[in-house]
There are 4 protein chains.
Amino acid sequence: MSLRQKKIAKKKEDILRTAVSILAEKGYQGTTMEEIASSLLMTKGSVYYYFKDKQDLLYQSQLMLLQQSLINIKTIQQENLPVVDRFKKAMVAHITYLLDEKSGFEMMVKLEQIFSTEQLEEIFQLRNDYEKCFDQLILEGINDEVFETVEITIVRNTILGAMNWVTQWYSPEGKKDATEIAETVSDYLSRILVIK
Amino acid sequence: MSLRQKKIAKKKEDILRTAVSILAEKGYQGTTMEEIASSLLMTKGSVYYYFKDKQDLLYQSQLMLLQQSLINIKTIQQENLPVVDRFKKAMVAHITYLLDEKSGFEMMVKLEQIFSTEQLEEIFQLRNDYEKCFDQLILEGINDEVFETVEITIVRNTILGAMNWVTQWYSPEGKKDATEIAETVSDYLSRILVIK
Amino acid sequence: MSLRQKKIAKKKEDILRTAVSILAEKGYQGTTMEEIASSLLMTKGSVYYYFKDKQDLLYQSQLMLLQQSLINIKTIQQENLPVVDRFKKAMVAHITYLLDEKSGFEMMVKLEQIFSTEQLEEIFQLRNDYEKCFDQLILEGINDEVFETVEITIVRNTILGAMNWVTQWYSPEGKKDATEIAETVSDYLSRILVIK
Amino acid sequence: MSLRQKKIAKKKEDILRTAVSILAEKGYQGTTMEEIASSLLMTKGSVYYYFKDKQDLLYQSQLMLLQQSLINIKTIQQENLPVVDRFKKAMVAHITYLLDEKSGFEMMVKLEQIFSTEQLEEIFQLRNDYEKCFDQLILEGINDEVFETVEITIVRNTILGAMNWVTQWYSPEGKKDATEIAETVSDYLSRILVIK
DNA sequence: TATGAATGAGTGTTCATTCAT
DNA sequence: CATGAATGAACACTCATTCAT
């Protein structure tokens, strides 16, 4: 990758990071391009130089989030640790990633309404891959007889929901910082699965 | 209340019910007054007869949701049942209420950005009351030594999050209907607290 | 048609008339909605109340022009006059209509680039019908042996071109008024066909 | 002219040729600098090296068209041929030139709106010169008693209109090629003038 | 009460143009 | 000479809101 391409990639990522946090805070429709641009001390026109349109910005930020999350969880899954520890680590990673990026997995809009079929497929594929990793860990735990036998999909959705919602109530001003909150919540959620 | 007033109240409630589900689906900014009106076979002008503006519609729908939820949980709290059962009943009620009304507690917008201070206070008060009910149940459970000793706020937020997120993944086409999902999720969430 | 509908139809026609002349003068891309609106002492928003979008405005104005032209020529065609006279009358009508409406048949844009397939079909159908009327008159003249035997399509296109171009050079400040110009040009163009 | 200057002149002409055909097809407002540049495998910036701005591009392409047309007609005018033949040759040259360059004399915009007074004067001067050549031929024909006595300006405008319009209906897929169409149309237009 | 019509502020997007490298 | 990046003014279009009837 040439220097120029690197510069572009860097700029794109800068924009995406900012977009992610604003979009997560105000939602897709509630966020203006102007807002995103001026947060970056850019003009609207410049943002359009890097991204085709607003939808493209949302799409690529979703991809970025999901791809990074997927890398995170896959890395953890391969570590040489008991399944219980890996599961907890995956939860902590999920929560801290969301809190650090000030992002949300739901951009507050029905994705179907703004994405093309191919885009939706890509997104759903990644989301699915991610969920499968969690399912895999749960299944492993059940087979190892350290987790209760449960309906995997429902439990996974429940746990993901609890984690995704953390962005709604976590306050940096509180007693615990992001990592501590992540640890605590993960501990509590573990109890749904772990056999005592 | 005169007949006329009753008629008006009825109409208002009709509008609110529709508004709630559309707002929950598309978010505050993503929903147009036109959309709400035409869903009710009304014209925009008529909706404005009953509600001052869009924000008022959101405000009152939030109030309705919260007030009803509060009534639900208070009723349950006073029932003559073991705390574990009351807690589970409260969770089931919470989830089924959300799924039935096709609503969401978060209207996909930072409330601070659209509500006035007084309105925010009212909303937060109700939300707080509602959370306190849950906290109260949890505390009771701990005192009765049927629940683990936990950080109540965090556990409550975690559980509420898991429940609120159900609207994101529940599909009426799935194997379980709304009530069954609510029961199942509640069972799993109970494990966070219940001493085994 | 109710009074209300009549009012709407009237307003739509007003807008179309203005749009036609501005679009003809400045071309599709060179005309702004703002311009059209303010020519009518309206706001942009109002124009959008009557027409879906700019393209719709162009489409409907083309339809109006073509439909009226078609009525004009069909009326003339049925008059009980020698074919030479009817042909000349048709030419005069064509030119004066364009000059009166300050319009042009070509809105200075490749129609294919802005219209949908169905819209294009409708336009081309009408255009074709109109051309067929001219062709019919020419054919009649040939059969009556008052017109030379010619390649009908090419002659018709040549004559239509000469007439359509009049809007480019006619000036109301000149010696002749619109009708006189139309008469004169038609006389000259007749010479292409009439046997002497 | 140095080699460098020649290279620049060559490049300018390349750009103008491309610009002419795109501008003729899409109109001034409908054509983007990007489009012109990328048709030439250049970047926008490069085009700006050769031409001050978009208007300059249009201006110079008009000049080029008119100057070439003027040369064409003047050459023909001086040929040692009967006026009827020279007139027809002029028409054929006019039409084939337009069709070959895929150009149009009207760039679909009121010239007054984009050109400066001096530029307009230059353009009008050339246009006038060109028209005068036609007028001259017509006058000659009248004096030679091979053309009917006509109102020269009107006839010339009518004929020019018919010729300019050919670009609107000529299709390379048709039975006749550009030259044949030009010949045919010229023959028909001759009949307006030639005494039989 | 209800509504059709109008409004205007705001938003996404385009594009001619500039300029540092 | 060439270009990539940035800019900002302009424009199409939307939509909450108002108001006369």
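Naming: A, B, ... by sequence-line order, numbering from 1 per chain. Atom set for the values below is all heavy atoms of this structure, side chains included, hydrogens, waters and symmetry mates excluded.
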With a 4.5 Å cut-off on side-chain heavy atoms, are D:E13 and D:M64 touching? yes

Heavy-atom side-chain proximity of D:M42 to D:T18 below 4.5 angstrom:
no

The Watson-Crick or G-U wobble partner of E:dA9, with both key distances under 3.5 Å, is F:dT14

If pairing means Watson-Crick or G-U wobble with both distances under 3.5 Å, then the partner of E:dT21 is F:dA2

Contacts of D:K52 and A:K44 projected onto DNA chain E by closest heavy atom; the upstream (5') one is A:K44

The residue, C:S46 or A:T31, whose nearest nucleotide of DNA chain E is more 5′ is C:S46

>> Pairing donors with acceptors under 3.5 angstrom, does anything connect the side chains of A:E101 and A:Q68?
In response: no

Counting only side-chain nitrogens and oxygens, does [X] get under 4.0 Å of the OP1 or OP2 atom of [N]?
X: B:R4; N: E:dT1; answer: yes
X: C:Y49; N: E:dA5; answer: yes
X: C:K11; N: E:dA6; answer: yes
X: D:Y50; N: F:dC1; answer: no
X: C:Y48; N: E:dT7; answer: no

Exactly one of C:K52, C:K54, C:Q60 clears side chain to side chain donor-acceptor pair (under 3.5 Å) with C:D56, and that residue is C:Q60

Practice prompt. Please confirm whether the backbone N or O of D:F51 pairs with a side-chain atom of D:K12, one donor and one acceptor, at under 3.5 Å?
Written response: no

Taking D:L57's backbone N and O only, do any of them form a donor-acceptor pair with D:Y50's side chain (distance below 3.5 Å, no angle check)? no

Between B:T32 and A:I8, whichever has its closest DNA chain F nucleotide further toward 5' is A:I8

Whichever of C:G45 and A:G45 has the more 5' nearest nucleotide on DNA chain F, that residue is A:G45

In whole angstroms, how far is the [atom2] atom of [N] from the [atom1] atom of [X]?
X: C:L3; N: E:dT3; atom1: CG; atom2: P; answer: 18 Å
X: A:E34; N: E:dG10; atom1: CD; atom2: C1'; answer: 11 Å
X: A:Q29; N: E:dG10; atom1: CD; atom2: C1'; answer: 14 Å
X: A:M33; N: E:dT11; atom1: CE; atom2: P; answer: 13 Å
X: D:I22; N: E:dC15; atom1: CD1; atom2: P; answer: 13 Å
X: C:Q55; N: F:dC13; atom1: CD; atom2: P; answer: 9 Å
X: C:L23; N: F:dA12; atom1: CG; atom2: C1'; answer: 14 Å
X: A:K26; N: E:dG12; atom1: NZ; atom2: P; answer: 12 Å

- Which is true for D:F51 with a 4.0 Å heavy-atom rule: it touches a base, it touches only sugar-phosphate, or it touches nothing? nothing

message = Please classify the nucleic acid contact of A:L57 as base, sugar-phosphate, or nothing, using heavy-atom distances under 4.0 Å.
response = nothing

Checking F:dT18, E:dT7, F:dG4 against the side chain of D:T43 (C-beta onward), the nearest is F:dG4

